[in-house]
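As the structure is a computational prediction, the values presented were derived from the model and not from experiment.
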Amino acid sequence: GKCTKRRLEKNEIANIQQYVNNDDSFHLDVILQTIFCVFVLSSFNIIITIVVTIDNDNDNDNRNYYQALLSESTPSGLNAAAKGGGRVSNAVVDKDVLSKTDKGKSNKKKEKLDTNPVKGTRDFYPEDMRLRSWLFGKWKETASGFAFSEYDAPVLESKSLYTRKAGEEVTQQLYNFVDKGDREVSLRPEMTPSLARMVMAKGGKGGLTMPLKWFSIPQCWRYERMTRGRRREHFQWNMDIWGVEGVEAEAELLSAMVSFFESIGLSGKDVGIKVSSRLLIGELLEKLGVPEEKFAATCVLVDKLEKVPLDAIQGDLEELGLDRSVVETLTDLMEKKSLDAMRPVLGEDSEALVELERLFQLCEVYGIQDDWIVFDASVVRGLAYYTGVVFEAFDRKGELRAIAGGGRYDKLLETFGGDPTPACGFGFGDAVVVELLKERSILPSFESSGFDAVVFALTPELYNEALAVAGKLRQAGQSVDVVLEKKKPKWVFKHANRLNVKYCVIVAPDEFENGEVSVKDMTTGKQRSVKIDQIADELVS
């Protein structure tokens with residue numbers, strides 16, 4: 001298109017000519033000399049400014065450039081530039097020149113940021129964090145009361161830690177990918193395999209001393225269908241005991257679970273705990289002629305029947321080589337609701353029945369048997385590594401999915417190449433129990449900030465003194481918010497009400513001259529003067 005450019009002023013041309021001619025009066029050793037060439041693209045009405053800086057390290061190139069510039073300052077030079085000749089024309093024909101140089105507002109509407117968290121995940125605003133901290137605190141109090149030690153592990157693990165060959169849903173729900181080191185990794189869907197890895201890493205002489213009683217509150221990730229109380233990420237309280245062969249370990253875990261429920265206001269009328277054993281199911285499968293190597297996979301399929309009809313797992317049954325009648329007979333037997341009803345089927349010498357009877361006796365000693373514990377042979381849990389007692393906490397009204405679950409997994413370490421080690425534990429998600437507390441209308445309110453006081457200076461000159469008062473209160477263990485900007489008292493009192501603090505401390509000129517501050521009780525609205533050197537004792541008491 002048409003290109004026009006202002007001509008260089010006479011003094012500019014003279015300076016360039018002197019330089020080109022190597023005139024001694026033209027000193028190029030000055031730090032920098034800048035020359036501006038302004039081009040106007042009339043078709044777009046955009047001014048393009050090109051700034052060229054020169055130093056005397058490349059004199060020959062510079063002279064050649066300015067020689068060309070002088071020729072282009074004539075009308076004939078401009079015409080040549082417009083046709084594509086010379087250095088200026090390169091900018092003219094650059095197809096990206098507008099995007100490179102346009103500093104004005106673009107007509108293109110910027111795409112608005114999607115402020116929603118990724119589907120299945122949550123943001124935790126301050127009020128949400130107070131709820132979460134409260135729940136975690138209750139979990140930690142219970143774990144501490146039963147002398148469990150806290151541990152943690154990376155949220156990112158090797159994918160092979162979770163890809164067992166038993167048809168578990170969890171293996172299909174992994175958030176997995178190949179990292180930049182070409183390693184197959186996954187966000188953890190559960191914590192038990194990480195615990196097993198850690199125990200195995202410290203195995204051998206001089207390693208971990210058994211028994212272990214450990215707990216953790218990891219964030220877990222599963223790409224699964226979302227329902228009420230089920231998300232794709234959740235926090236999970238894990239309690240595990242390693243190195244104890246008997247059901248004394250399971251009884252301790254069940255007691256801890258009940259202790260937590262009671263600490264948050266739930267009773268046996270709200271929640272029950274179904275208990276069974278994989279040994280029981282194994283004995284039934286053995287009587288039905290199912291090979292032992294197919295026990296774990298069969299249990300996983302049976303667990304799915306709680307969610308889907310038998311026809312939905314027909315293909316899986318055929319793949320295992322199981323007849324449909326086997327599962328139908330098994331499910332009929334699992335409908336029995338007492339140990340006495342199972343004796344005619346399994347016999348008096350059944351190892352599973354002896355083990356469960358011992359467990360229920362211990363639950364009676366703990367004081368949890370009658371109100372909380374329910375025998376239910378249909379409980380198998382969906383993970384293949386369970387080997388013995390399994391249990392599941394449930395909502396007695398039947399409105400929510402399983403609240404918590406666990407069991408014995410003595411052979412898990414062996415599947416990773418380690419030695420068989422007795423172990424059992426449970427996982428307890430954060431989402432379902434919160435839904436349960438809401439449904440029962442017993443979830444505490446977390447609107448209050450939990451802070452104790454707001455301190456502010458009535459005048460800017462007293463700001464330093466306000467900081468000193470806040471410091472005294474903080475040293476006494478109070479949580480104190482200092483008003484950092486100049487605000488009117490009306491705003492400050494509203495701010496104190498929003499935070500739901502107990503006191504508002506005003507550092508004002510008249511009171512300060514007497515060595516005092518004004519303290520407003522935000523509950524009663526009464527205001528009084530307090531000596532600064534007694535402020536901590538007055539408010540803390």
Side-chain angles (χ1 to χ4, degrees), residues 110 112-117 121-141 217 235 263-265 430 434-435 437-438 440-541:
K110 292 183 179 179
K112 188 176 180 180
L113 174 69
D114 183 359
T115 58
N116 294 314
T121 66
R122 298 167 287 178
D123 291 320
F124 290 89
Y125 288 91
E127 185 176 338
D128 305 314
M129 282 301 300
R130 288 192 286 271
L131 188 162
R132 193 175 97 180
S133 297
W134 170 82
L135 179 61
F136 286 14
K138 291 293 185 180
W139 281 340
K140 290 183 178 183
E141 286 175 13
I217 308 176
F235 288 92
S263 75
I264 60 173
D430 65 327
V434 170
E435 289 295 325
L437 292 174
K438 289 178 180 177
R440 298 295 194 273
S441 300
I442 58 175
L443 182 69
S445 172
F446 297 96
E447 293 181 1
S448 173
S449 66
F451 304 148
D452 296 306
V454 168
V455 175
F456 87 105
L458 196 59
T459 65
E461 292 76 20
L462 292 174
Y463 182 74
N464 290 351
E465 285 68 25
L467 293 180
V469 171
K472 289 179 181 293
L473 292 172
R474 287 166 176 166
Q475 288 176 358
Q478 297 286 287
S479 55
V480 180
D481 178 42
V482 175
V483 178
L484 303 175
E485 301 175 286
K486 183 180 178 181
K487 295 290 185 181
K488 294 181 179 179
K490 184 177 179 181
W491 182 94
V492 174
F493 293 140
K494 284 185 177 180
H495 175 64
N497 281 325
R498 282 194 297 270
L499 295 180
N500 199 21
V501 297
K502 303 172 187 175
Y503 304 102
C504 187
V505 180
I506 307 105
V507 183
D510 293 342
E511 286 85 352
F512 184 74
E513 285 185 5
N514 297 325
E516 298 175 334
V517 292
S518 182
V519 177
K520 182 175 181 178
D521 187 315
M522 299 306 297
T523 302
T524 65
K526 294 181 179 180
Q527 197 161 317
R528 59 195 171 100
S529 295
V530 176
K531 290 291 184 181
I532 293 176
D533 57 2
Q534 298 175 3
I535 186 70
D537 294 333
E538 286 283 337
L539 298 194
V540 173
S541 61

Just so I know, are the side chains of V519 and E538 near enough to count as touching, which here means a heavy-atom distance under 4.5 Å? no
If we only count heavy atoms from C-beta on, is the P489 to I506 side-chain gap below 4.5 Å? no
Taking C-beta and beyond as the side chain, do V530 and V505 meet within less than 4.5 Å on heavy atoms? no
Could you check whether K487 makes a cation-pi contact with F456, meaning its NZ or CZ is under 6.0 Å from the centre of the six-membered ring and within 45° of the ring axis? no
Looking only at non-hydrogen atoms, find the nearest pair between F446 and E127 and report the distance. O-CG, 3.3 Å
Any luck finding a side-chain donor-acceptor pair between Q527 and S518 under 3.5 Å? yes
State, with a plain yes or no, whether a side-chain heavy atom of I264 is found less than 4.5 Å away from one of R440. no
One should read off an interatomic distance between K494 NZ and C504 SG, to the nearest 0.5 angstrom, of 14.0 Å
Nearest heavy-atom approach of P509 to L458 is CD-CD2, 4.1 Å
How long is the span from the CD atom in E485 to the CH2 atom in W491, to the nearest 0.5 Å? 7.0 Å
In plain terms, say whether R122 and D430 are close enough for a salt bridge, that is, a side-chain N and a carboxylate O under 4.0 Å apart. yes
At their closest point, which heavy atom of A508 faces which heavy atom of L462, and how far apart are they? C-CD1, 3.5 Å
Side chain K531, main chain N514, donor-acceptor under 3.5 Å: yes
Checking D452 against L473 for the side chain to side chain contact (heavy atoms under 4.5 Å, CB included) test, could you report, in this order, the C-alpha distance in whole Å, the side-chain angles of both residues, the deciding distance, and whether it holds? CA-CA 9 Å; D452 296 306; L473 292 172; over 6 Å; no
Do D521 and Y503 come within less than 4.5 Å of each other through their side chains, counting heavy atoms only? yes
Please name the pair of heavy atoms, one in S263 and one in K138, separated by the smallest distance, quoted to 0.1 Å. O-NZ, 3.6 Å
The test is side chain to side chain contact (heavy atoms under 4.5 Å, CB included); show your working for V482 and L467 and say whether it passes. CA-CA 7 Å; V482 175; L467 293 180; 3.9 Å; yes
Within this structure, what is the NZ-CG distance for the pair K502 and L539, rounded to the nearest 0.5 Å? 9.5 Å
I want to check something: taking the side chain as every heavy atom from C-beta on, are V454 and M522 in contact at a cut-off of under 4.5 Å? no
Close side-chain approach of V469 to F512, heavy-atom, < 4.5 Å: no
CZ of R498 to CD of E447: how many Å apart, nearest 0.5 Å? 14.0 Å
Going by atom types alone, do N500 and S449 pair a side-chain donor with an acceptor below 3.5 Å? no
Determine the minimum heavy-atom distance between V480 and A470, stating which atoms define it. CG1-CB, 3.9 Å
Taking the side chain as everything from C-beta on, heavy atoms only, tell me whether L131 gets closer than 4.5 Å to F124. no
Heavy-atom closest pair (K472 atom, A536 atom, distance to 0.1 Å) is O-CB, 4.1 Å
